[in-house]
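Worksheet for the structure shown next.
When a ligand or atom number is given, it counts from 1 through the structure's own listing order. These numbers were taken from a predicted model, which means no experiment stands behind them.
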Amino acid sequence: MREAATAVARAGLPRVADAERDYARRTPGSRARWERATRVQPNGVSGNGKYFPPHPLFIADAKGSRVTDVDGHEYLDVLMGSGSLLLGHGHPRIVAAVSEQVARFSGTTMPHEPGLALAERMSAKRGLARIRFTVTGSEATQSALRVARSATGRTRFAKCEGGYHGSGDAFLVATHSTAMAGPDSEPAAKPDYAGLPPSVGDDVIVLPYNDVAAAERLIRRSAADLAAVIVEPVLFSSGGAVPATGEFLDTLRRETAAAGIVLIFDEVVTGYRLGPRGAESHYGVTADLVTLGKGVAGGLPLAAFGGRADLMDLALAGSAESRVFQSGTYVENAVSVAAAHAVLDELAERPDALTRLDALGERLRTGIAAELDRAGVPGVVTGAGSMLHFHLGATSVTNRRELLRADVESSRLAQLALVAAGVLWQPLHPAALSIVHTAQDVDNVLATMREVLR
Ligand SMILES: Cc1ncc(COP(=O)(O)O)c(C=O)c1O
């Protein structure tokens, strides 16, 4: 695999070596701002994920499927706020709902009717007996894990290698690291960053994604200690848009049910993207708890977690002994709630929108695969529905290790070359389309990809 990867860099993508230079030449305004930013913000950004070398792109404007940078260049956006802009930038329905609400009230601390109505709508849509809002996906996963711990009286949990569940300490184990610690069939629970207690890994069992036999063995071995198994139905931001196999999710469901472990589907990305009931519709597997975020409020900060009434009620409405903490100043912010209603209204009014969106995702996936073929560049395209990524130099990517064993550097440069050519696809991040993208947009991405590969 390594040799194949090197061959891509040498033979398949000679011009991609120029990607950083082309990008830098096109974006002097972003460079200047990033340098200015480094004087007030470490590494010139607020958030690791916003930075990519040689410097991030500073955005001046956005509308629909397009963004404009501070140098006045327009980009076709396929990053879409890391998948949060399900309705595109500045959707008129969201703009109207948010504008109207912000003039009435935003943060109230007290509950309100629009928030209650949203809880009813979202729980009905996703088949969640109970639901609670949070601001971020990170809080949603953290809260779901607390519910599982309270309900089971156990502390440890299992996650998949390459699974990203937000910024909570325990979730930053075997997520972003490129070190691939431990054997393929039993990844080590190593914290990925400084600043985390080294003991944080003691609470985590790491499962190799899509490895049914290993998951079965590792869960059984620690079953008595495990409060939860948490999994992204499609490994997204650090996993390269790799879908779980049905057999893998079936195995997690079977093993967790047998051992009284809470199964959590982290659907912060896939929540509204994988079908009417997310992963449940797509795979026919029902989790005990589900987390939602990103697209549910079309780019405004709102997330949620929910599921079985017995678990949720015990941990969030039970006695002091079983009660977990979940709250926050900006939880159920009425402006975000208005945006989330607008998303549901739009999807209800356009019942074919998500099917159309999936078809666009498929068109882009098969199109990129065809472009790789045409250019004689080895690689694979992964994804499901409207989410996708490409991996140069790979022959198969079913988990994070296979992704890392591909030619990650050539993929990064190819993505940077796409940005330099007017397609905003942040290096090493998967793409997620929105319902305002068109078939023409997809064909434009493919034409740019053809240029880049040439
Ligand atoms: C699957 C998944 N879970 C949780 C999170 C964390 O969400 P947030 O960034 O809103 O904290 C993310 C963010 O990328 C995610 O992709």
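For the side-chain contact (heavy atoms from CB on, under 4.5 Å) test with K159, the passing option among I264, T175, V229 is T175; the others fail.
Considering backbone and side-chain N/O of V269, none are found under 3.5 Å from N/O of ligand 1. Here's the thing with S138: one of its N/O atoms is less than 3.5 angstrom from an N/O atom of ligand 1.
Contacts of E232 with ligand 1, taken as heavy-atom pairs under 4.0 Å, involve the side chain alone. Only the side chain of K294 comes within contact range of ligand 1, with a heavy atom under 4.0 Å; no backbone atom does.
One N or O on the side chain of N210 and one on the backbone of T398 form a donor-acceptor pair closer than 3.5 Å. Distance alone, capped at 3.5 Å, is enough to place a donor-acceptor pair between the H112 side chain and the G115 backbone. A side-chain donor-acceptor contact under 3.5 Å links R273 to the backbone of L433.
Each of the following atoms of ligand 1 lies closer than 4.0 Å to a heavy atom of D266: 1 (C), 2 (C), 3 (N), 4 (C). The ligand atoms of ligand 1 that sit less than 4.0 angstrom from a heavy atom of T136 are 10 (O), 11 (O).
Ligand 1 is approached by Y164 to a heavy-atom distance shorter than 4.0 Å.
Expressed to the nearest 0.5 Å, how far CD of E186 lies from CD1 of I205 amounts to 8.0 Å.
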Problem set entry | Test salt bridge (charged side-chain N to carboxylate O under 4.0 Å, His left out) applied to D184 and R401, step by step | CA-CA 8 Å; D184 286 2; R401 292 198 179 196; 2.9 Å; yes
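G137 N, 3.4 Å is the protein heavy atom nearest to atom 8 (P) of ligand 1.
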